[in-house]
Engineer: 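Dumping the structure here so I can ask a few things about it.
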Amino acid sequence: MKAKGVSVRKVQVAYGAVQVIKEMDLEIAPGEFIVLLGASGCGKSTLLSVIAGLRDVTAGQIWIGDQNVTWAEPKDRDIGMVFQSYALYPQMTVRGNLSFGLRMAGAPKAVIEARVTEAAAVLQLSHLLDRKPKALSGGQRQRVAIGRALVRQAGVFLFDEPLSNLDAKLRTELRAELKRLHRELGTTMIFVTHDQIEALTLADRIAVMEGGVIRQIGTPKEIYRTPANRFVAGFIGSPGMNFFDGKVVLDPEPRFIGPGFELPLKGYAFTTPQAGKATLGLRPEHVGIRPQGAHPQFTTALTSVEPMGAETLLWGKLGEAPLSIRVDTLTGLDEAPALTFEIDPALVSLFGEDGQRL
Amino acid sequence: MISHLEPDGPKPRSLSPARIALYVFLALSAAFFLLPVYVMVATSLKPMAEIRDGNLFAWPQAPTLAAWAKAWGTACTGRVCEGMSPGMVNSFKIAIPGTLFPVILGALNGYALSFWRFRGANWVFTALLVSTFVPIQVFIFPLVRMMTAAGLFGSLPGIILIHTGFTLPLTTLLFRNFYAAVPEEMFSAARVDGGGFWSIFAFVMVPISTPIVIVAVILQFTGAWNDYLFGMIFAGRENQPMTVLLTSIVTSQYGEKEYNVNMAATLLSAAVPLAVYFASGRWFVRGISDGALKG
Amino acid sequence: MTPRLRKLPAVIAMTPTIFFVVVVIGFGLLWTLWTSFTSSKLLPNNDFVGLAQYARLFASDNWQVACVNVALFGVLFIGGCLALGYALAVALDQGIRFEDAFRTIFLMSASLSFVVTGIVWQWLFDPTFGIQAAVRDWGWTSFRFDWLTREETAIFALVGAGIWQATGMGMVIMLAGLRGIDQDIWNATRIDGIPAWRVYIHVIPAMIRPMIATAAVLLSLTAIKIYDLVVVMTGGGPGISTEVPAKYVMDMLFQRNNLGQATAAATIMLLAICLLVGLPWALLRRAK
């Protein structure tokens, strides 16, 4: 199986007057693990169905490898797909589920046997081959669903929220497994999810979608550290980023003037420096709780405390606006009445009036 | 050649051979189901001469309602020549209570069996289940004796009682299956709010039961209307429903059979269930899809 | 309030039903069973004759024919209704135009009584005025459609009429099953490139097994109790070629005044239903 690139070219999908996907371009390199991330209704699953050929495009082209597959049947696109509900055939054993597609395609018995054995070994299903889906746990069922895609030896694998029906522990396990699988197989994988942890842990690149458009595409680190716009900034990160409305002044020195506070922006890497109304974004974990004196300092009374286990969220104020601060529970700061902290301007994000990163 | 056309935008649609075969199959099936009805209507509108000489499938040259009038008012059932008209009223008198009682009792039973598992509830349920399977022939003679002893044999209350009793297991099963799918929490919440047996039924269960009530009412009404066996044995001469009159008319003619009258009479007896079906078939189908027949 | 007292209204609400089950069903069953062991004729008596009624029953030509007929009718009728009903349900599930109209047509005859169905089909099968005459009138002069007048074919005419009447109900139940199938299953089979017709044969029936079972149970109950259709369409003829058990019981009760035979035959019907329908159904429920 050879990894293939996927290219989405000026694709639009509409149901009547409703544009589910607005003119979209997306280039996925061979062997890349890309995650389509967004809330429900953002068009991510539609995009996946369009790539799979389960839905027609309204306009544009889909290329897989060096072939234009816009009108091709799903089976002719060299893809394998894993579904949220597993979509296993209930009356067939695991072996039957894995081999059904190949049998229907008339593949030689030896080939079927070999591929099933191999897929089962990779997914640790060998001892379950004669069971029916009913007798499997959720995690095992999802492995079978993955196995059904594997035996196709396709160049591209599509995953439609495959982990969202599993409990938290299993999800973590299968996440690791998928990552290993991707490393071993080296195939292109396109993975749809609404879970940002999944996206951040699995992806080579994440495409954050909203309202049928990709709002940002980049590595997990880029998405997290330098969100391209206010939407992505708010969407990624939990607990969410603190936002402060104010304005940016560039002369004489760049600084941000917020409600009741002022922050010099020395060290902030502007993309497009621009004075005027702006929003400052600061992640709760980027509040410097042990000021070294290198950055601007602030002091706040702590109004409430939310323990989250290993970490604790403290609530205080930056100027007049509420500020959440994420600290290690072991620091003991949850007992403190007040806190002095610093803000490293290199860690904040600034967004202009149009929501784009400054 | 258009093979150089680069695929772009939506896939062009074409009517595939499979699609054409599908519509041919649907059309043929529709013909199979419709043709007998068409023949019935056409025959009922022809005079006997045209039936003798013409083609079964031909539309009447001069449609006439004479056969309908005879079937309705003057056709003979044995010695009486009043046509189907008395049967219409009788069928309504039987079918309406024969629908209401089993549906209401069935809903109560289903509710009691699903949520109030009293001692012996399982036993009652099993007995009901079994009784849906028992052929009616097993009970006919003992029933005749019992009804006679109670003075109900050949009376309207008698036939209604028979219908209610013998369809009660089915309606109970329908409602029990429906209520089994209602979340237990709903019932628990109503209990916490202080609801008792009757108030929970009236204010919580009845309002959510529309789909199954529609299915049960349609099944019961058409079932009671279409019944022949009970009507023939238990209804008595005064209360004969349309199905019984229809068979008498069709089988009691001397000399040449009046097919047009037979068909008109048949259509008359089918008119009400057909009307019910056309008026509510859509909800019936939806009710079945909503789980009325699961389990 | 004690739990028992709290549940009292439920018991009260069910009293009519319990009364009916105990008195009518229970008493009727026992009475019929007992009478089948007596020499009862016009009036029931308590003259115990052991299995004599059953011996005479199974020696009777009418009963033997009736049993063969109901088996033949049952297999063909149930098989036909399920096969055609499934085919129609599948056809309706293809996102076709005029779906509502087609479904209405297919289900329409299900609202009719067997009496109506019997009269219509008797008319269609009439050799002098029915379909046979019409087709010959069109020029195919050797065309035969006289099933009702020939002993060896009359039962098939009943099957045809029965299928016409009962297919719609099976179709609706199975269509409900098809509509409940996870769209992802369809997506998965499309990715695997399995043609839809193979999916409908290899995958779907197993997934809607509960619906098929429900339809099969309802149809088999209809088949075993079949009576009205036979009375109206053939009256058991020609000869005794379309006798059925339910009709045998009724004839023994009301025409031959032979209670012993009637109750013995009814008991056998009951046993057959228990074995053929009740048992598999109970097992299926337990398996679930």
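Source: prediction; values computed, not measured. A, B, ... follow the sequence lines: proteins, then strands. Residue 1 opens every chain.
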Engineer: Is it the backbone or the side chain of Trp31(C) that comes under 4.5 Å from a heavy atom of chain B, or both, or neither?
Structural biologist: side chain
Engineer: What class does the angle between the rings of Tyr111(B) and Phe187(B) fall in, given that below 30° is parallel, 30 to 60° is tilted and above 60° is perpendicular?
Structural biologist: perpendicular
Engineer: In terms of heavy-atom proximity below 4.5 Å to chain B, should Ala196(C) be classed as side chain, backbone, both, or neither?
Structural biologist: neither
Engineer: Looking at the rings of Phe197(B) and Phe115(B), which for Trp means the six-membered one, are their centres under 6.0 Å apart?
Structural biologist: no
Engineer: Heavy-atom distance under 4.5 Å to chain C: side chain of Arg52(B), backbone, both or neither?
Structural biologist: both
Engineer: Could you look at Ile51(B) and say if it's the side chain, the backbone, both or neither that has a heavy atom under 4.5 Å from chain C?
Structural biologist: both
Engineer: Side chain, backbone, both or neither: which part of Ile25(C) has a heavy atom under 4.5 Å from chain B?
Structural biologist: both
Engineer: Where on Leu29(C) is there a heavy atom nearer than 4.5 Å to chain B: the side chain, the backbone, both, or neither?
Structural biologist: both
Engineer: Among Leu84(C), Ile96(C), Val23(C), Thr117(C), which has the most heavy-atom pairs under 4.5 Å with chain B?
Structural biologist: Ile96(C)
Engineer: Could you tell me which portion of Tyr277(B) (side chain, backbone, both or neither) has an atom closer than 4.5 angstrom to a non-hydrogen atom of chain C?
Structural biologist: side chain
Engineer: Contact part of Leu221(C) toward chain B, heavy-atom cut-off under 4.5 Å: side chain, backbone, both or neither?
Structural biologist: side chain
Engineer: Taking Trp121(C), Tyr227(C), Trp138(C) one by one, which has the highest count of heavy-atom pairs under 4.5 Å against chain B?
Structural biologist: Trp138(C)
Engineer: At a 4.5 Å cut-off on heavy atoms, which part of Leu107(C) comes close to chain B: side chain, backbone, both, or neither?
Structural biologist: both
Engineer: Select one option (side chain, backbone, both, neither) describing which atoms of Ala246(C) are under 4.5 Å from chain B's heavy atoms.
Structural biologist: both
Engineer: Are side-chain heavy atoms of Phe139(B) and Val134(B) found at a separation under 4.5 Å?
Structural biologist: yes
Engineer: Quick check on the interface: out of Leu88(C), Val135(C), Val232(C), who has the most heavy-atom pairs with chain B under 4.5 Å?
Structural biologist: Leu88(C)
Engineer: Quick check: are there more than 12 heavy atoms from other residues, nucleotides or ligands sitting under 6.0 Å from CZ of Phe101(B)?
Structural biologist: no
Engineer: Please indicate whether Phe19(C) has more than 12 foreign heavy atoms, meaning atoms of other residues, nucleotides or ligands, lying under 6.0 Å from its CZ.
Structural biologist: no
Engineer: Please say which of Leu219(B), Val276(B), Thr222(B) ends up in a side chain to side chain contact (heavy atoms under 4.5 Å, CB included) with Phe284(B).
Structural biologist: Leu219(B)
Engineer: When heavy-atom pairs shorter than 4.5 Å are enumerated against chain B, which of Leu92(C), Thr267(C), Leu33(C), Ile131(C) gives the highest number?
Structural biologist: Ile131(C)
Engineer: Need one label for Phe98(C): side chain, backbone, both or neither, based on atoms under 4.5 Å from any heavy atom in chain B.
Structural biologist: neither
Engineer: Looking at Trp123(B), I want to see if its CH2 is surrounded by more than 12 non-hydrogen atoms of other residues, nucleotides or ligands under 6.0 Å.
Structural biologist: no
Engineer: Let's test your reading of the structure: which of Arg136(C), Arg97(C), Gln165(C) forms the most heavy-atom pairs below 4.5 Å with chain B?
Structural biologist: Arg97(C)
